[in-house]
Amino acid sequence: MFDLSGKVALITGASRGLGREDALTLARMGADVVITDVLVEDDPDLETTAQGTNSLLQDVARQQGWVYSNQTAEEIRKLGRRSVAIKMDVTNREQVAEVMKRVKDEFGAIHILVNNAAVLDNTATIAKMDYKLWDRDVAVNLTGAFNCTKEVWPYMREQNWGRVIFMASIAGTNGGFGQASYSATKAAVIALAKTAALEGGKYNITANAIAPGIIGSEAANMAAQFRKEEYDRFREHTVFKRFGEPSHVAAAIGYLCSEEAGYITGTVLEVMGGMNLLTASLRA
Ligand SMILES: NC(=O)c1ccc[n+]([C@@H]2O[C@H](COP(=O)([O-])OP(=O)(O)OC[C@H]3O[C@@H](n4cnc5c(N)ncnc54)[C@H](O)[C@@H]3O)[C@@H](O)[C@H]2O)c1
């Protein structure tokens, strides 16, 4: 494992799924990790927040008890690292600025930002897409990543070191049927990563995107149950005939955040089990 001792990482949308696994992995690699998410278990407004995000999935997460923000911070503290869970909605610019400042004050620095928060539950063709959900997806998946990057940027510049990871998707590299808003925002964060890479160079800040295929998070596993045929087809399009695990994504992020990856910037690292290869191949 690469060594992240002495580094402070902040992960957005780290309450469950890939974000939670990223947090645990970076902590095992030695980093102190701040868990941020719009959903936090002991929030008295949890129910209203889940519904207010206008997301069916957030509500399901609350009902199913898939909210592990404090629990993850506790698991990280048991590893001997510093960790705290903070409620932060990436679309709320004042809140993002306050949280970044609080973390800088309490932890002394923010070296790593993982822009992981996103909404994944809007599947409709262009003809049927709801304008409100389009706007919501742009606000969370794209503007949210921009807000967090912009607010962390001065700290990274000042310390002359930084790692920013943007979670893209195969939908961002290939487009996605019934995923206009999701795929467009995921393509846009790739451009944002490349721009951050260009602007971050002279401050030793690297910025990269990760493009997963289908990875078994709670959200993806639930979608696979409800849309079985489609997901079976996706699975057949991987060269391994299986989906990825959250640990595959987390390991890729851990590497990109390491000192050793200091010359890698502006890239898109695909963690998709060759899902994009088979359409162009005669056999596999
Ligand atoms: N799971 C996959 O197959 C897959 C594939 C490609 C890309 N991705 C990307 O990986 C990331 C994580 O995916 P996942 O499967 O773990 O999804 P998920 O829905 O389980 O997790 C998303 C997290 O973001 C949080 N969130 C939502 N809106 C927020 C907001 N406004 N502010 C702060 N937090 C908010 C949610 O509460 C949740 O904890 C996403 O960026 C997603 O687009 C996932």
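Order of listing sets the numbers, starting from 1, for every ligand and every atom in it. Numbering starts at 1 and runs along the sequence shown. Remember, it's a predicted structure, so these values are computed and weren't measured experimentally.
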Report whether Val138 and Val38 are members of the same hydrophobic cluster (ILVMFWY, side-chain heavy atoms less than 4.5 Å apart, transitive linking).
->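 Different clusters.
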Tell me whether Ile170 is reachable from Val189 by hopping between hydrophobic residues (I, L, V, M, F, W, Y) whose side-chain heavy atoms are closer than 4.5 Å.
->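 Looking at the clustering, Ile170 is in a separate group from Val189.
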Do the side-chain N and O atoms of Asp137 and Thr185 include a donor-acceptor pair separated by under 3.5 angstrom?
-> no
Who passes ring-ring contact (aromatic ring centres under 6.0 Å, His included) against Tyr231, sequence neighbours left out?
->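 Expected list: Phe234.
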Residues in contact with ligand 1, criterion: heavy atom under 4.0 Å =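 Protein residues near ligand 1 are Gly13, Ser15, Arg16, Gly17, Leu18, Asp37, Val38, Leu39, Leu57, Gln58, Met88, Asp89, Val90, Asn116, Ala117, Ala118, Leu120, Val140, Met167, Ala168, Ser169, Tyr182, Lys186, Pro212, Gly213, Ile214, Ile215, Ser217, Ala219, Ala220.
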Looking at Ala61 and Arg16, what are the two nearest heavy atoms and their distance?
->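 In terms of heavy atoms, the two residues are closest at CB-NH1, 3.2 Å.
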For atom CZ of Phe2, decide whether the heavy atoms of other residues, nucleotides or ligands shown that lie under 6.0 angstrom number more than 12.
->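 More than 12 heavy atoms, drawn from other residues, nucleotides or ligands, come within 6.0 Å of this atom.
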